[in-house]
S.K.: 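Structure incoming, see below.
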Amino acid sequence: VELISPPPHHDIYSIEDLAQLIFDLHQVSPEAKVSVKLVANAGIGTIAAGVAKANADVIQISGHDGGTGASPLSSIMHAGGPWEQGLCEVQDVLVDNGLRERVTLR
């Protein structure tokens, strides 16, 4: 399985850009699950709602304690908050907006 990690951020400037990338990935491989990784931070629920509306299959919540190691060390050490707080916010926003059934949370 080929993965894009880290993604080419210079290609994604808006939720519409992300939605187009997700659409393209589904077109290339309809049976594949598209996962979007978000860093736990204030406002993550709003971003997750956009990701769900963009038809991602999975939202992965990453915390301040690092993730896959694909990011620069400065990002791993100084970005994000606890993943548990991010997960709670995402869950609440998705439920409140009727989007929870669209995605798997990890």
Side-chain angles (χ1 to χ4, degrees):
V1 174
E2 299 226 1
L3 300 174
I4 303 172
S5 183
H9 298 290
H10 60 274
D11 292 341
I12 303 173
Y13 291 102
S14 66
I15 196 66
E16 290 83 8
D17 292 341
L18 180 60
Q20 183 64 52
L21 176 59
I22 292 169
F23 175 82
D24 293 344
L25 291 170
H26 279 137
Q27 293 302 303
V28 171
S29 186
E31 70 285 348
K33 301 289 185 188
V34 176
S35 179
V36 175
K37 183 177 179 182
L38 301 176
V39 176
N41 214 335
I44 188 176
T46 302
I47 303 301
V51 171
K53 288 179 181 179
N55 293 317
D57 300 295
V58 178
I59 296 175
Q60 174 78 37
I61 309 298
S62 179
H64 62 83
D65 56 352
T68 62
S71 297
L73 185 58
S74 61
S75 293
I76 293 172
M77 300 304 291
H78 303 290
W83 67 265
E84 297 91 344
Q85 287 178 335
L87 181 62
C88 289
E89 182 179 337
V90 169
Q91 171 74 9
D92 290 345
V93 170
L94 293 179
V95 168
D96 290 347
N97 289 283
L99 299 169
R100 181 60 187 90
E101 299 303 317
R102 289 191 184 193
V103 294
T104 299
L105 295 180
R106 292 188 183 152

S.K.: Taking all non-hydrogen atoms of both residues, which atom of Gly63 and which atom of Ala40 are closest, and how far apart?
M.R.: CA-CB, 4.5 Å
S.K.: To the nearest 0.5 Å, tell me how far Leu18 CG sits from Asn55 CG.
M.R.: 10.5 Å
S.K.: Can you confirm whether Asp57 sits close enough to His26 that some side-chain heavy atom of one is under 4.5 Å from a side-chain heavy atom of the other?
M.R.: yes
S.K.: Minimum heavy-atom separation for Gln27 to Pro30, with atom names?
M.R.: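 Smallest interatomic distance, heavy atoms only, reads O-CD, 3.9 Å.
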S.K.: If we only count heavy atoms from C-beta on, is the Val36 to Val103 side-chain gap below 4.5 Å?
M.R.: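 The answer is no, as the side chains (C-beta and beyond) never meet within the 4.5 Å cut-off.
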S.K.: Is there a continuous path of hydrophobic side-chain contacts, each under 4.5 Å between heavy atoms, that joins Leu94 to Val39?
M.R.: no
S.K.: Return the minimal non-hydrogen interatomic distance between Ala49 and Val93, and the atom names on each side.
M.R.: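 Looks like CB-CG1, 4.1 Å.
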S.K.: In Å and rounded to the nearest 0.5 Å, what is the CD to CG distance from Glu16 to Leu21?
M.R.: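 Going from CD on Glu16 over to CG on Leu21, the span is 13.5 Å.
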S.K.: With hydrophobic residues grouped by side-chain heavy-atom distances under 4.5 Å, do Ile12 and Leu38 end up in a single group?
M.R.: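 Yes, one cluster joins them.
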S.K.: Roughly how far apart are Lys37 NZ and Ile59 CD1, rounded to 0.5 Å?
M.R.: 14.0 Å
S.K.: How about Ile61 and Val90: do any of their side-chain heavy atoms sit closer than 4.5 Å?
M.R.: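 Contact flag for Ile61/Val90 side chains = yes.
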S.K.: Which heavy atom of Ala56 sits nearest to which heavy atom of Ile22, and what is that distance?
M.R.: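 Looking at all heavy atoms of both residues, the closest pair is CB-CD1, 3.8 Å.
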S.K.: Looking only at heavy atoms, what is the nearest atom pair of Lys53 and Arg102, with distance?
M.R.: CA-NH1, 3.4 Å
S.K.: Supply the atom-to-atom distance Asn41 CG to Ile44 CD1, rounded to the nearest 0.5 angstrom.
M.R.: 7.5 Å
S.K.: Where do Ala42 and Glu89 come nearest, in terms of heavy atoms and distance?
M.R.: CA-OE1, 4.2 Å
